[in-house]
2 protein chains.
Amino acid sequence: MKKKTHEVIPFMNHHSYNIFFMNLANPLKIGIILCLRDGNKNVSEIMNALKVEQSKISHALTSLKHCKIVNVEQNGKERIYSLNKDTIIPMLNLIDKHASCHCKNKCCLKSWK
Amino acid sequence: MKKKTHEVIPFMNHHSYNIFFMNLANPLKIGIILCLRDGNKNVSEIMNALKVEQSKISHALTSLKHCKIVNVEQNGKERIYSLNKDTIIPMLNLIDKHASCHCKNKCCLKSWK
DNA sequence: TTTTCATATGAAACTAAATTCATATAGATT
DNA sequence: AATCTATATGAATTTAGTTTCATATGAAAA
């Protein structure tokens with residue numbers, strides 16, 4: 001069965017899920033989220049906490065912001081980022097629970113390649 | 001501030017979240033999940049439902065299976081896949097809620113590039 | 001009013017995940 | 001046992017997200 005190279009995928013209506021998860025499928029963004037879970041921070045504080053370069057943080061924050069996973073508030077020249085905990089925290093909890101249910105001995109959530 | 005090309009990212013302990021979300025940040029996998037939400041299916045049934053080539057489905061199912069997002073049961077030469085609803089369904093619900101809270105007029109969960 | 005500090009932005013380069021496609025396996029059917 | 005049917009697998013390729021890095025913006029301080 002041959003397929004066209006640019007196949008049209010028929011779940012455009014489910015695009016939201018994809019965009020949302022895309023924002024979480026990245027170790028840096030997860031790092032930022034967990035970092036902000038402990039309290040609001042400006043970009044420099046996130047940089048110091050994660051030891052990651054500034055533009056990387058900014059790029060990651062931009063997409064997290066677009067998805068309303070984080071909020072910003074400007075204060076002079078610094079911008080305070082805060083986590084929108086309503087969605088993310090329960091989501092992380094679900095994964096913790098999932099892992100504890102299904103990965104009794106060792107973690108099943110590992111790279112398998 | 002210069003950084004090494006292969007920077008060590010300091011959240012290896014949070015790798016599970018990343019692996020888990022990676023499995024969801026893909027329209028095909030989301031399609032499969034939503035398809036299985038409506039009932040257990042074998043690979044051919046998923047193919048027909050989504051109009052997607054067989055090996056693509058199989059590859060996607062392999063990684064979903066490794067994360068225990070789906071389960072398999074063999075029945076003769078066919079394999080029946082089922083959704084592990086305990087984690088995924090509440091997670092999708094959280095996103096629906098998130099979208100309805102934050103995307104009143106149009107969906108905020110869109111590509112912004 | 002120039003400099004400095006905090007952060008954002010653009011685009012090329014890099015990288016890793018997804019796709020493709022040929023092929024393998026293995027149960028069922030003849 | 002040969003064939004068919006259902007699904008899995010491997011590896012090269014493609015693609016899209018991330019990183020990098022140079023630069024822009026803009027607020028505060030000197």
Side-chain angles (χ1 to χ4, degrees), chain A residues 1-9 11 15 18-32 40-67 70-81 110-113, chain B residues 1-9 11 15 18-32 40-67 70-81 110-113:
Chain A
M1 184 196 196
K2 281 285 186 70
K3 277 294 198 171
K4 291 189 291 292
T5 305
H6 292 294
E7 175 180 3
V8 176
I9 301 170
F11 0 93
H15 195 216
N18 191 44
I19 295 290
F20 195 89
F21 286 129
M22 201 86 91
N23 263 284
L24 302 170
N26 175 296
L28 175 56
K29 290 175 187 170
I30 291 290
I32 290 173
N40 302 351
K41 291 184 181 57
N42 64 34
V43 177
S44 301
E45 286 167 335
I46 300 172
M47 279 177 66
N48 293 331
L50 301 181
K51 306 276 179 253
V52 169
E53 188 210 358
Q54 182 265 316
S55 73
K56 256 166 105 168
I57 304 278
S58 272
H59 280 300
L61 283 169
T62 297
S63 66
L64 289 172
K65 193 172 54 185
H66 275 280
C67 261
V70 301
N71 303 116
V72 215
E73 202 184 334
Q74 186 153 3
N75 178 22
K77 54 187 169 183
E78 71 184 355
R79 300 194 192 179
I80 314 293
Y81 282 86
K110 61 179 193 296
S111 291
W112 52 87
K113 289 191 177 175
Chain B
M1 183 196 195
K2 280 286 186 67
K3 278 295 200 172
K4 290 189 293 291
T5 305
H6 292 295
E7 174 180 3
V8 176
I9 301 169
F11 1 91
H15 194 216
N18 191 44
I19 295 289
F20 194 90
F21 285 128
M22 201 87 91
N23 262 283
L24 302 170
N26 175 296
L28 175 56
K29 289 176 187 170
I30 291 290
I32 291 172
N40 301 352
K41 291 183 181 57
N42 64 34
V43 177
S44 301
E45 287 168 334
I46 299 172
M47 279 177 66
N48 293 331
L50 301 182
K51 307 274 179 257
V52 169
E53 188 210 357
Q54 183 265 317
S55 73
K56 256 166 104 167
I57 304 279
S58 273
H59 280 299
L61 283 169
T62 298
S63 66
L64 290 171
K65 192 171 55 186
H66 275 280
C67 261
V70 301
N71 302 117
V72 216
E73 203 185 333
Q74 188 155 1
N75 178 22
K77 55 187 168 184
E78 70 184 356
R79 299 192 192 180
I80 314 294
Y81 282 87
K110 59 180 195 294
S111 292
W112 51 87
K113 291 189 177 177

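The sequence lines fix the lettering, A, B, ..., with proteins before strands; numbering per chain opens at 1.
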Scoring nucleotides 5-12 of chain D by protein non-hydrogen atoms under 4.0 Å (B base, S sugar-phosphate only, - none) yields BSBBBBB-

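- With sequence neighbours excluded, no residue forms a side chain to side chain contact (heavy atoms under 4.5 Å, CB included) with B/E73.
- Between B/K41 and B/I46 the shortest side-chain heavy-atom distance falls below 4.5 Å.
- Remark: C1' of C/dA26 and CG of B/N75 are 14 Å apart, rounded to the nearest angstrom.
- An OP1 or OP2 oxygen of D/dT18 is reached within less than 4.0 angstrom by a side-chain nitrogen or oxygen of A/N26.
- When the P atom of C/dA8 is taken as reference, atom CD of A/E53 falls 14 Å away, rounded to whole Å.
- For B/K65, the side chain to side chain contact (heavy atoms under 4.5 Å, CB included) criterion is met by B/V70, B/V72, B/Y81, not counting sequence neighbours.
- The side chain to side chain donor-acceptor pair (under 3.5 Å) check on A/N26 picks up nothing, with sequence neighbours excluded.
- A/N40 is linked by a side chain to side chain contact (heavy atoms under 4.5 Å, CB included) to A/I80, A/S82, counting only residues two or more places apart in sequence or in another chain.
- Residues passing the side chain to side chain donor-acceptor pair (under 3.5 Å) test with A/S44, sequence neighbours excluded: none.
- If you take CG of A/L24 and P of D/dG17, they are 14 Å apart, rounded to a whole angstrom.
- Nucleotides of DNA chain D nearest to A/M22 and A/Q74 differ in position, and the one nearer the 5' end is that of A/M22.
- Regarding B/I19, its CD1 atom lies at a distance of 12 Å from the C1' atom of C/dA17, rounded to whole Å.
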